[in-house]
S.K.: 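Once you've had a glance at the structure underneath, I'll fire off some questions.
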Amino acid sequence: MIEIDSLRCGYGDREVISGISLRIETGEMVGILGPNGSGKTTLVLALAGAIPVISGTIRLNGHDATTKSARWTARQIASVPQKAEASFPFRCLGVVLMGRYPYLDGWGGYSEDDMNAALDAMEQTSILHLSSRSFREVSGGEAQTVTIARALAQQTPIILLDEATANLDVSRKIEVFDMLVGKNREGATLMCVMHDLNLAALYCKRLIFLKNGKVVCDGKTEEVFSDDTLTHIYETEVRVCPHPVSGIPQAHFVPRGMRGVRVDALLAGAGTQRG
């Protein structure tokens, strides 16, 4: 369980998150959405212990995370950043094994359990064939998938994903999110920061919208994913209609030149052109 109470944090003198309070139950898969600069990444960094908290509390499964060590936090939360980076030419398997560092004992090397966890994570993400490849020599999408595998190898009850599939093609995005749904069904709690509204609606049953460092909307996807809500948050006209297969709401952004035009008029015009 994640409990955030009156959280304020940012960078130096610049406050980005302004008094956010949230409760995410164990086993939820939640989408964190909002325009650029709304505080989504800052919230993830604060939860992961990567930036200091100005005030407020973060509790993980009943424990005050702001008073715990980095190793303790790393056993509770695994995070996937927006961009995969490596300072040294590690092999991809070596990068995934980094997810096991919270469990290393003293100066000891990786155990058989560590190796098995890393290989299993690479198999789950379909990148076993990259094991011996240099992390610097794989594509951006492959590198991001290696980073996702590293988080899985960490075997934490909570996984934070910050635009984790932004560099992946459509097929790989669906494959990764199908896999994440499987982890969620096994009991993992997932927070998915996303710009892809429709992907978030397809996979997350609860959506939390941030704007200007505050929560402006929080609720079940079918209740909050609406024309009015999305138009207000993103300050551009949005129309929502059901997915043709699942019935889940999906967003369609309206170009300025088409605003105020009725759908039936557009269809009639299209029919005339075809005729």
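Keep in mind the model is a prediction, meaning the values are calculated, not measured.
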S.K.: Are Val30 and Ile58 co-members of a hydrophobic cluster defined by side-chain heavy atoms under 4.5 Å apart?
M.R.: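 The answer is yes; both residues are in one hydrophobic cluster.
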S.K.: Only one of Ile158, Ile77, Leu43 forms a side-chain contact (heavy atoms from CB on, under 4.5 Å) with Met191, so which one is it?
M.R.: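 Among Ile158, Ile77, Leu43, the one that satisfies the side-chain contact (heavy atoms from CB on, under 4.5 Å) with Met191 is Leu43.
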S.K.: Can you find a heavy atom in the side chain of Leu202 that is under 4.5 Å from one in the side chain of Gln250?
M.R.: yes
S.K.: Which pair of non-hydrogen atoms, one from Cys192 and one from Met29, has the smallest distance, and what is that distance?
M.R.: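 Smallest interatomic distance, heavy atoms only, reads SG-CE, 4.2 Å.
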S.K.: Just by modelled atom types, is the Gly27 backbone N or O under 3.5 Å from a matching donor or acceptor in the Asn184 side chain?
M.R.: yes
S.K.: Got Thr165 and Asp196 here, is their nearest side-chain heavy-atom distance under 4.5 Å?
M.R.: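 Counting from C-beta outward, Thr165 and Asp196 never come under 4.5 Å.
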S.K.: Quick one: closest heavy-atom pair of Ala153 and Ala121, and the distance?
M.R.: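 Heavy atoms of Ala153 and Ala121 come nearest at N-CB, 3.7 Å.
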S.K.: How about Phe253 and Leu197: do any of their side-chain heavy atoms sit closer than 4.5 Å?
M.R.: yes
S.K.: If the condition is side-chain hydrogen bond (donor to acceptor under 3.5 Å, both in side chains), which residues does Gln155 pass it with, not counting sequence neighbours?
M.R.: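 Result, side-chain hydrogen bond (donor to acceptor under 3.5 Å, both in side chains) vs Gln155: Arg100.
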S.K.: For the side chain of Thr231 and the backbone of Glu237, is there at least one donor-acceptor N/O pair under 3.5 Å apart?
M.R.: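 Between the backbone of Glu237 and the side chain of Thr231 there is no qualifying donor-acceptor contact (under 3.5 Å).
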S.K.: Any sub-3.5 Å donor-acceptor pair from Ser21's side-chain atoms to Ser6's backbone N or O?
M.R.: yes
S.K.: Would you find a donor on one side and an acceptor on the other, under 3.5 Å apart, between the side chain of Tyr103 and the backbone of Gln154?
M.R.: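 Checking the backbone N and O of Gln154 against the side chain of Tyr103, a donor-acceptor pair under 3.5 Å is found.
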S.K.: Verify whether one side chain among Tyr11 and Thr42 offers a donor that lies under 3.5 Å from an acceptor in the other.
M.R.: yes
S.K.: Got a second to check how far Asn167's CG is from Thr145's OG1, nearest 0.5 Å?
M.R.: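 Reported to 0.5 Å precision, the distance equals 9.0 Å.
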S.K.: Between Leu190 and Leu199, is there shared hydrophobic-cluster membership here, with clusters defined by ILVMFWY side-chain heavy atoms closer than 4.5 Å?
M.R.: yes
S.K.: Please indicate whether Glu223 has more than 12 foreign heavy atoms, meaning atoms of other residues, nucleotides or ligands, lying under 6.0 Å from its CD.
M.R.: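 Atom CD in Glu223 is packed in, count exceeds 12.
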S.K.: Decide whether Ile24 and Ile17 are clustered together by the hydrophobic rule: side chain heavy atoms of Ile, Leu, Val, Met, Phe, Trp, Tyr closer than 4.5 Å, transitively.
M.R.: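 Yes; Ile17 is reachable from Ile24 via cluster members.
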S.K.: First locate atom CD1 of Ile20, then atom CG of Leu210, and finally report the distance between them rounded to the nearest 0.5 Å.
M.R.: 5.0 Å
S.K.: Can you find a pair of side-chain heavy atoms, one from Val216 and one from His232, that are under 4.5 Å apart?
M.R.: no
S.K.: Do any N or O atoms from the side chain of Ser246 and from the backbone of His243 form a donor-acceptor pair under 3.5 angstrom?
M.R.: no
S.K.: Mind checking salt bridge (charged side-chain N to carboxylate O under 4.0 Å, His left out) for Glu175 and listing every partner two or more places apart, or none if nothing turns up?
M.R.: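 For Glu175, the residues satisfying salt bridge (charged side-chain N to carboxylate O under 4.0 Å, His left out) (neighbours in sequence not counted) are Arg172.
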S.K.: Quick check: closest heavy atoms across Cys9 and Ala46, and the distance to 0.1 Å?
M.R.: SG-CB, 3.8 Å
S.K.: Sub-3.5 Å donor-acceptor pair from the side chain of Asn198 to the main-chain atoms of Ala251, do we have one?
M.R.: yes
S.K.: State, yes or no, whether a side-chain contact exists between Val44 and Lys40 at a heavy-atom distance under 4.5 Å.
M.R.: no
S.K.: Do Met115 and Leu104 sit in the same hydrophobic cluster, where Ile, Leu, Val, Met, Phe, Trp and Tyr count as joined when their side-chain heavy atoms come under 4.5 Å apart?
M.R.: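 Yes, it is one cluster - the side chains of Met115 and Leu104 are joined through contacts under 4.5 Å.
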S.K.: With sequence neighbours left out, write down each residue that passes salt bridge (charged side-chain N to carboxylate O under 4.0 Å, His left out) with Arg133, or none if nothing qualifies.
M.R.: none
S.K.: Please, which pairs that meet ring-ring contact (aromatic ring centres under 6.0 Å, His included) have at least one residue in residues 172-205, sequence neighbours excluded?
M.R.: Phe177-Tyr203
S.K.: Side chains of Asp114 and Ser111: do they bring a donor and an acceptor to under 3.5 Å?
M.R.: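 Note: Asp114 and Ser111 side chains meet the donor-acceptor criterion.
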S.K.: Is any side-chain N of the basic residue among Glu25 and Arg206 closer than 4.0 Å to the acidic one's carboxylate O?
M.R.: no
S.K.: For the residue pair Thr229 and Cys217, what are the closest heavy atoms and their distance?
M.R.: CG2-SG, 3.9 Å
S.K.: Identify the two heavy atoms, one from Thr147 and one from Pro81, that lie closest to each other, and give their separation to 0.1 Å.
M.R.: CG2-CD, 3.7 Å
S.K.: Which distance, rounded to the nearest 0.5 Å, do you find between the CE of Met122 and the CG of Asp120?
M.R.: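 The CG atom of Asp120 is 11.5 Å from CE of Met122, to the nearest 0.5 Å.
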S.K.: Are Val138 and Leu168 connected, step by step, through hydrophobic side chains (Ile, Leu, Val, Met, Phe, Trp, Tyr) whose heavy atoms are closer than 4.5 Å?
M.R.: no
S.K.: Decide yes or no on side chain to side chain contact (heavy atoms under 4.5 Å, CB included) for Val146 and Glu142, but give the supporting numbers first.
M.R.: CA-CA 6 Å; Val146 171; Glu142 289 172 330; 5.5 Å; no
S.K.: List, by chain and number, the other hydrophobic cluster members for Val170, where Ile, Leu, Val, Met, Phe, Trp and Tyr join if side-chain heavy atoms come within less than 4.5 Å, directly or indirectly.
M.R.: none
S.K.: Hey, what do you get for CG (Leu230) to CG (Leu207), rounding to the nearest 0.5 Å?
M.R.: 9.0 Å
S.K.: Check whether any side-chain heavy atom of Val80 sits under 4.5 Å from a side-chain heavy atom of Ile148, and report yes or no.
M.R.: yes
S.K.: Indicate yes or no for a side-chain donor-acceptor contact from Arg75 to the backbone of Pro102 under 3.5 Å, with no hydrogens or angles considered.
M.R.: yes
S.K.: Could you tell me whether the side chain of Asp227 and the main chain of Val240 form a donor-acceptor pair under 3.5 Å?
M.R.: yes
S.K.: Specify the closest pair of heavy atoms between Pro35 and Lys211, including all atoms of both residues, with the distance to one decimal.
M.R.: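 Shortest heavy-atom separation between Pro35 and Lys211 comes out as CG-CG, 4.2 Å.
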S.K.: What is the distance from atom CZ of Arg59 to atom CE of Met1, rounded to the nearest 0.5 Å?
M.R.: 10.5 Å
S.K.: Distance-only, no hydrogens or angles: does the Thr26 side chain make a donor-acceptor pair with backbone N or O of Gly187 under 3.5 Å?
M.R.: no
S.K.: Main chain of Ala65, side chain of His63: is a donor-acceptor contact present, judged purely on distance under 3.5 Å?
M.R.: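 Side chain of His63 to backbone of Ala65: no pair is present.
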S.K.: So, using side-chain hydrogen bond (donor to acceptor under 3.5 Å, both in side chains) as the criterion, who are the partners of Ser131 when residues are at least two apart?
M.R.: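 Expected list: none.
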S.K.: Just verifying a value: how many Å separate Glu137 CD and Arg91 CZ, rounded to the nearest 0.5 Å?
M.R.: 9.0 Å
S.K.: Could you tell me whether Asp5 and Arg23 have a side-chain N and a carboxylate O separated by less than 4.0 Å?
M.R.: no
S.K.: Do Val176 and Thr125 touch side chain to side chain, with heavy atoms closer than 4.5 Å?
M.R.: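 A side-chain contact is absent here, since even the closest heavy-atom pair is not under 4.5 Å.
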S.K.: Assess whether atom CG of Asp178 is packed by more than 12 heavy atoms of other residues, nucleotides or ligands within 6.0 Å.
M.R.: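 Result for CG/Asp178: enclosed.
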S.K.: Verify the neighbour count for atom CG of Asn212: are there more than 12 heavy atoms of other residues, nucleotides or ligands below 6.0 Å?
M.R.: no
S.K.: So do the side chains of Leu152 and Met179 get within less than 4.5 Å of each other, counting heavy atoms only?
M.R.: yes
